[in-house]
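For reference, the structure is listed below as structure tokens.
Letters A, B, ... mirror the listed sequences (proteins, then strands); counts begin at 1. Given the structure is predicted, the values throughout are model-derived calculations rather than measurements. Side chains are part of it too, since the values below use all heavy atoms of this structure and drop only hydrogens, waters and symmetry mates.
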Number of protein chains: 2
Amino acid sequence: MNVPTAQTWQSVQKEVLRRIHAREWKPGDLIPNEAELAKEFGCARTTVNRALRSLAEGGLLERRRKAGTRVAAQPVAKATLNIAVIRHEVEDRGARYGYQLALREARIAPTHISAALGVGVQERLLHVMALHLSNDAPYALEDRWINAVHVPDALKQDFRSVSANEWLLQNVPYTRGEISFSAKPASAENANYLNCPEKSALLAVDRLTWDHDQSVTVVQVLFAPGHQMRTRI
Amino acid sequence: MNVPTAQTWQSVQKEVLRRIHAREWKPGDLIPNEAELAKEFGCARTTVNRALRSLAEGGLLERRRKAGTRVAAQPVAKATLNIAVIRHEVEDRGARYGYQLALREARIAPTHISAALGVGVQERLLHVMALHLSNDAPYALEDRWINAVHVPDALKQDFRSVSANEWLLQNVPYTRGEISFSAKPASAENANYLNCPEKSALLAVDRLTWDHDQSVTVVQVLFAPGHQMRTRI
DNA sequence: CATGCTTTTATGTTCATACATAATAATATG
DNA sequence: CATATTATTATGTATGAACATAAAAGCATG
């Protein structure tokens, strides 16, 4: 018998992956328990646990106490998108980053904005619009409202050289947030900034962040036509 | 002194998170090493390691041997999107799922498809288009090419009741893949299937999967206008 | 037969200890 | 002084043992 000895959790994981990919363990199958695998591989149960846990986090295995571990019947591919500071995103692509503040006003917000931020309709909030450039071409349009009740310091910033994007990240913590991806037709204003035809299909990323129970900011980033967000699965 | 005793890795993690959110440890700061934290919390170093490792995986901490652990200066928000079987996606929203096969043909593919799949331009591939419905309304249009050289069994399937989406997941393993998100204007054909105006902004998800060195399938899923993919960060 | 209690079991976690590894700092050497 | 070598250090990982916990299965009781 060819007993695969595996003393590291990575090698255990590799062997488990091999068996899944080779369909020795098929989708839905119950696999041997940790103790058995540990014995087979000649390593500690802790090591097997580490390997299987990490595969379960990735969605390839499903584990339940007492019930055991099974290969996910329909593995949900998890696509992890890195939402970085836009400047870094541009620079990482080897392009020259540019930034233009388009609008900065402190005023009473549209009701859907104050509702989303959970503040009174009478509150003055900070509205910032900015254009991010890649090699002088429009890259993304950022349309942001900042909860000035929770983040009064934002009112002191002019956001002319440092984007609200970066200033907030450096200065205001958040504990949780929601993000959504969608496609939107370019408005006349969008089209003007992004230098594209009106009604072009734009990739939109909407974010709403919170610091405990206080909203911080709501932002929509519209990317220029053709933009792709990529990742591996 | 109020010494926070924390015997579980979750409680250690919680306290570390609290300190980061409270800016006791600021972005870029070096935090105490594992041994010190273990002493402070009155737990084993293993426990601290587990807590910090998991925060590092989430991008909130940066760790380097010998150099120590620091709070990420500009935490890259990681948005993890679950790419599930479309039927499940619809049913999870509490809607009735419907499926219509629109096209199924085995033929020589356009060059950009055979190039993407890494097969000869003369090879006959399987082309499948299908409409996914949610409460009888168009939900998503799936346009797929299957590498019939690597997956000859696909040619035996008619995909009239089971979507290629689900059949492949059940029957053909893949070891890696690429996924990209973008916005596209609806073609006349798209608009016809999705029952929307031509040139509507559609959210497009493009996937290419591989089984080791063999391509499996390339697929584009176009969602009906207004569709959002959401997640928490 | 349905319902609640008890046992069993597989995963989940903690711990102390030991050693591995990568990266930095200190030192020696030409 | 530049470069190679060595020591130091913080994270990374492996181990066996123990206990915790959730969930299934078995059992008893009405």
Can you pull every protein N or O that's under 3.5 Å from an N or O on nucleotides 19-23 of chain C?
residue: C:dT21; atom: O2; partner: B:R65; partner atom: NE; Å: 3.0

With a cut-off of 3.5 Å and sequence neighbours excluded, list every side-chain donor-acceptor pair involving residues 54-62 of chain A.
residue: A:S54; atom: OG; partner: A:Q13; partner atom: NE2; Å: 2.5

For [X] and [N], what is the distance between atoms [atom1] and [atom2] respectively, to the nearest whole Å?
X	N	atom1	atom2	result
A:R70	C:dT11	CZ	C1'	14 Å
A:E57	C:dT11	CD	C1'	14 Å
B:L52	D:dT13	CG	P	13 Å
B:R53	D:dA14	CZ	P	10 Å
B:W9	D:dG12	CH2	P	15 Å
A:Q13	D:dA14	CD	P	11 Å
A:F41	D:dT15	CZ	C1'	17 Å
A:R50	C:dT14	CZ	C1'	16 Å

Counterpart residues, side chain to side chain donor-acceptor pair (under 3.5 Å), relative to [X] (two or more places apart):
X	answer
B:Q214	none
B:Y99	none
A:K78	none
A:R230	A:Q228

Report task. Using salt bridge (charged side-chain N to carboxylate O under 4.0 Å, His left out) as the criterion, list what pairs up with B:D29, not counting sequence neighbours. Result -> none
Query - All salt bridge (charged side-chain N to carboxylate O under 4.0 Å, His left out) counterparts of A:R18, not counting sequence neighbours - result: A:E15, A:E24
Check whether any side-chain N or O of [X] sits under 4.0 Å from OP1 or OP2 of [N], and answer yes or no.
X	N	result
B:T47	C:dC15	yes
A:N49	C:dG12	yes
A:T69	C:dT11	yes

Query - Passing candidate, side chain to side chain donor-acceptor pair (under 3.5 Å) with A:H132, options A:Q100, A:R87, A:E142, A:E89 - result: A:E142
Query raised in the report: By side chain to side chain contact (heavy atoms under 4.5 Å, CB included), which residues pair with A:A73, not counting sequence neighbours?
Result: none
Requested in this report: With heavy atoms under 4.0 Å as the rule, sort A:Q10 into base, sugar-phosphate or nothing.
Outcome: sugar-phosphate
Requested in this report: For DNA chain D, find the residues of residues 24-38 of chain B with a heavy-atom distance under 4.0 Å and give them by number; none if there aren't any.
Outcome: B:N33, B:E34
Report summary line: residues 148-170 of chain A vs ring pair (Phe, Tyr, Trp, His ring centres under 6.0 Å), sequence neighbours excluded, gives A:F159-A:W167
Query raised in the report: Does A:N147 use its side chain to pair, donor to acceptor, with the backbone of A:S215 at less than 3.5 Å?
Result: yes
Report task. Look at the side chain of A:T175 and the backbone N and O of A:W210, then say whether any donor-acceptor pair between them is shorter than 3.5 Å. Result -> yes
Requested in this report: Using five base pairs at each end, measure the axis-to-axis angle across the helix from C:dC1-D:dG30 to C:dG30-D:dC1 and round it to 10 degrees.
Outcome: 10°
Report summary line: Closest to the side chain of B:A44, out of C:dA16, C:dG12, D:dA17, is C:dA16
